Amino acid sequence: MSECKTYYLTTPINYVNDVPHIGHAYTTIIADTIARYARLKGIDTFFLTGTDEHGQKIEEAAKKRGKSSQEYADEISSKFKALWDEFEISYDKFIRTTDEYHKKGVQKAFLQMYKKGDIYKDYYEGHYCVSCESFVAPSQLVNDELCPDCGKPTRIIKEESYFFRLSKYQEKILKWLKEKKPILPEAKANEVIRFVEEGLKDLSITRTSFEWGVKLPKEINDPKHVVYVWLDALFNYLTALGYGSEDESLIKKYWPAKLHIVGKDILKFHAVYWPAFLMSIGYELPKVIAAHGWWTRDGEKMSKSKGNVINPKEVANAYGLENFRYFMLREVPFGADGDFSEKALIDRINNDLGNDLGNLLNRIIGMAYKYFDGKITSKNIEKYFANELNSAREIVKSLEKTYLWKMQIHKFLEELWKVLSIGNKAIDTYKPWELMKNNEEEKAAALIGLIANLLAIVAVNLHAIMPKTTQKIALALGFEINSESFSKIMQDFLLEDFVIQKIPPLFPKIEAPLMKKVEIKEEKPINLITIDEFFKTELKIGKVIEAEEVKKSKKLLRLEVDLGEGKTRQIIAGIKEFYKPEELVNTYVCVVANLKPAKLMGMMSEGMLLGAKDKNGFSLIRPEKEVEIGTPIK
Ligand code: MSP
């Protein structure tokens, strides 16, 4: 990877049904780190991020808020963009799937696959999870009904659909997965390989049950259908470079993507569907698909209803953006799930950053001034400390290839900290104050020079994760971090003589948690019932024959309701504030017909009307068309 001329990398595009949280920030910060590292190496880099804005989930979320889908998508998409701007994420392009050029690109791909014979029309019937925008195979359902990924109930959908011949690509995908090994961490590849080996079914790639999506190309002339949100979304990686437009120069320059970063939940879409689509339109496949794990909070899954979702802005405001970046990348092995706790974050800041890095810098600043008027020299390091310097160089050699490009960023940092530890140990072992006492000034100066150089190695390598902090370290050490200084330091050149600049401590000790405590609400379990339990309630269509106010009651009306039983029933209903008696006569209502009769203000009530109450008032539930009286409701 380090040899390549261009480097195109992407994050997943985030759904706009939710505001940004720590999970989104994690993916994006990893990508930003890799992009910054590649640029520092002088590689021509293109970093893409954006928002995924179509689909039923978003249509429904917008409706719930009384907004149009577009208005709602605009609002949330801009929140993502604003956060990435505030976090100084160094993206080159922010794509939105509602952008016209993207929609055109999706239509072009669809048509190309259709013309090739990879798309055909049929019917689909299956369990669909709206939340994940995905059909679930019967064998994967939990309790025959729930989605295995999010635990929510699926819906059975039967609809006309266009299908993509995924099965046709099964063998080619397997070969690619096995030969090219594009998935990182490699352990995750086995799951995907097993999934493909179990057999790939053709994929339903259009929907007719909602409208918020990319329309089929006009050449196909089937306006009922919109493109399945995953096909739409995955193509963002190509449309962002101009696929579907006149100008394909960016595609020529940057495709294939060197890296798609994804969460483990969406690996299948990227490692199976996406390559199949690309094979169908004749494009090269991405080089690496790296799947990270999930974040929990204090050991618990984050969810809106528990109120324990972490707002990345809040963490960054409390602890500093760069410290937060360091923590996320250091704390969790790439691919594993991680837990966010303030204690762990504080420990990382106080120990790794404060003690190991910050103190080392402060110590040499102090000693350089005390003994040498702030002057540093790299002369004589090899003479006195060749072992230390060589051990550090050994570590540096494997940093990139073994760790960084393999997404083992936590290991990359662990290794880098070994360089700091060489420095800290050298001070403890050789004690510059004693060297000075013993008139070994030359050796003391070389020791301080060694440490300055070790810190320079750490600073340039840490730069992609903590850009501003490391620039301050470099300033103290008399250089600026850029592609030249990076390559010079990485090629074993030592810093030139310079005068150290004093800077304030970079990582003041954190004594107590700085974020507001969250109270974790217990998630309300969905109280699931069986269909038999549901049918214990007899619901029927009735017609109101008579209606009058109950005197002395503010709330009650007395109704005579015909349920087709030969005689009417008396129902006392608490709807006086919402309906006048004369409005009700001769109208249809839905009645719970097997409630035990109860007395209300001395009158027997032999049933209950169904209705819905919200802040705007009360509405009776009524059949949409005329229905025979007494018809059961099922
Ligand atoms: N829209 C799709 C991606 C389409 S890419 C062509 C999607 N969006 S998402 O908003 O639901 O998720 C975006 C990313 O955030 C995913 O990689 C997902 O894994 C990640 N995370 C969401 N919650 C997460 C955690 N709690 N922890 C870590 N990452 C998680 O999927």
Side-chain angles (χ1 to χ4, degrees), residues 9-31 48-58 61 73 76-77 79-81 83-84 89 94-98 102 105-106 109 129-134 147 149-150 152 188 212-214 227-240 243 257 259-275 277-278 286 289-304 306 308-312 315 327-329 331-340 407:
L9 80 164
T10 67
T11 69
I13 45 172
N14 298 307
Y15 282 131
V16 291
N17 65 332
D18 200 0
V19 291
H21 60 64
I22 190 178
H24 306 120
Y26 182 53
T27 314
T28 309
I29 287 169
I30 296 172
L48 175 71
T49 191
T51 42
D52 186 358
E53 305 184 12
H54 290 126
Q56 191 165 7
K57 207 171 11 171
I58 286 147
I76 308 285
S77 176
K79 286 198 176 144
F80 274 104
K81 191 159 182 294
L83 180 66
W84 303 151
I89 298 297
F94 187 96
I95 189 170
R96 300 183 55 187
T97 55
T98 50
H102 169 76
V106 172
C129 176
V130 174
S131 184
C132 298
E133 298 284 11
S134 173
C147 169
D149 291 328
C150 68
K152 293 189 184 144
K188 286 243 175 353
W212 184 236
V214 179
V227 174
Y228 173 43
V229 64
W230 268 103
L231 188 140
D232 165 2
L234 286 163
F235 269 95
N236 91 88
Y237 301 135
L238 268 182
T239 59
Y243 176 86
L259 174 66
H260 292 311
I261 293 180
V262 300
K264 63 179 183 179
D265 52 320
I266 58 170
L267 177 58
K268 177 179 83 182
F269 298 97
H270 285 80
V272 181
Y273 300 172
W274 179 226
F277 296 153
L278 287 169
I289 300 162
H292 63 73
W294 270 50
W295 282 88
T296 51
R297 176 171 206 171
D298 298 317
E300 300 224 24
K301 194 166 178 210
M302 284 184 272
S303 80
K304 264 203 249 171
K306 273 190 195 165
N308 67 344
V309 175
I310 296 165
N311 177 352
V315 189
F327 166 77
M328 293 198 105
L329 299 183
E331 185 70 5
V332 184
F334 187 88
D337 290 344
D339 191 49
F340 179 92
M407 297 298 119

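Bear in mind the structure is a predicted one, so any value in this text is a computation, not a measurement. Remember, it's 1-based here, ligands and their atoms both numbered in the order they're listed.
- Residues that satisfy the side-chain contact (heavy atoms from CB on, under 4.5 Å) test with Asn311, not counting sequence neighbours, are Lys313, Glu314.
- Looking at Trp230 against ligand 1, only its side chain comes within 4.0 Å, counting heavy atoms.
- In summary, the atoms of ligand 1 found under 4.0 Å from a heavy atom of His270, numbered by their order in the structure, are 5 (S), 6 (C).
- Those atoms of ligand 1 with a heavy atom of Gly293 less than 4.0 angstrom away are 28 (C).
- Among all protein heavy atoms, the one lying closest to atom 9 (S) of ligand 1 is Tyr15 CD1, 3.7 Å.
- With hydrogens and angles disregarded, a donor-acceptor distance shorter than 3.5 Å links the side chain of His102 to the backbone of Asp232.
- Counting protein heavy atoms only, atom 1 (N) of ligand 1 is closest to Asp52 OD2, 2.7 Å.
- Contact check for Pro286 versus Leu278: side-chain heavy atoms found under the 4.5 Å cut-off.
- Scanning all protein heavy atoms for the shortest distance to atom 22 (C) of ligand 1 gives His21 CE1, 3.6 Å.
- Considering only non-hydrogen atoms, atom 30 (C) of ligand 1 lies nearest to Trp294 out of Phe269, Tyr26, Trp294.
- By the side-chain contact (heavy atoms from CB on, under 4.5 Å) test, Ala25 is found to be paired with Ile29, Trp84, Pro312, residues two or more places apart in sequence or in another chain being considered.
- Contacts between Asp265 and ligand 1 below 4.0 angstrom, taking non-hydrogen atoms only, involve the side chain exclusively.
- Of all protein heavy atoms, the one lying nearest to atom 17 (O) of ligand 1 is Gly263 N, 2.9 Å.
- Proximity of Leu259 to Met407: side-chain heavy atoms (C-beta onward) are separated by under 4.5 Å at one or more points.
- Listed by number with element, the atoms of ligand 1 under 4.0 angstrom from any heavy atom of His292 are 28 (C), 29 (N).
- Regarding atom 15 (O) of ligand 1, its nearest protein heavy-atom neighbour is His24 CD2, 3.7 Å.
- Under a 4.0 Å criterion applied to the non-hydrogen atoms of Gly23, ligand 1 contributes the atoms 24 (C), 25 (C), 27 (N), 28 (C), 29 (N), 30 (C).
- Given atom 3 (C) of ligand 1, the protein heavy atom at minimum distance is Ile13 O, 3.2 Å.
- Looking only at heavy atoms of the protein, atom 31 (O) of ligand 1 is closest to Ile266 CG2, 3.5 Å.
- For ligand 1, the atoms lying closer than 4.0 Å to a non-hydrogen atom of Tyr237 are 5 (S), 6 (C).
- Checking each of Phe269, Tyr237, Trp230 against Trp274 for a side chain to side chain contact (heavy atoms under 4.5 Å, CB included) leaves exactly one that passes, namely Tyr237.
- Looking only at side-chain heavy atoms (C-beta outward), Cys147 and Ser131 stay at 4.5 Å or farther from each other.
- Closest to atom 13 (C) of ligand 1 among all protein heavy atoms lies Asn14 OD1, 3.1 Å.
- Near Ala233, meaning under 4.0 Å from any of its heavy atoms, are these atoms of ligand 1: 6 (C).
- For the atom pair CD1 (Ile13) and OG1 (Thr49), the distance works out to 8.5 Å, reported to the nearest 0.5 Å.
- Listed by number with element, the atoms of ligand 1 under 4.0 Å from a non-hydrogen atom of Trp295 are 25 (C), 26 (N), 27 (N), 28 (C).
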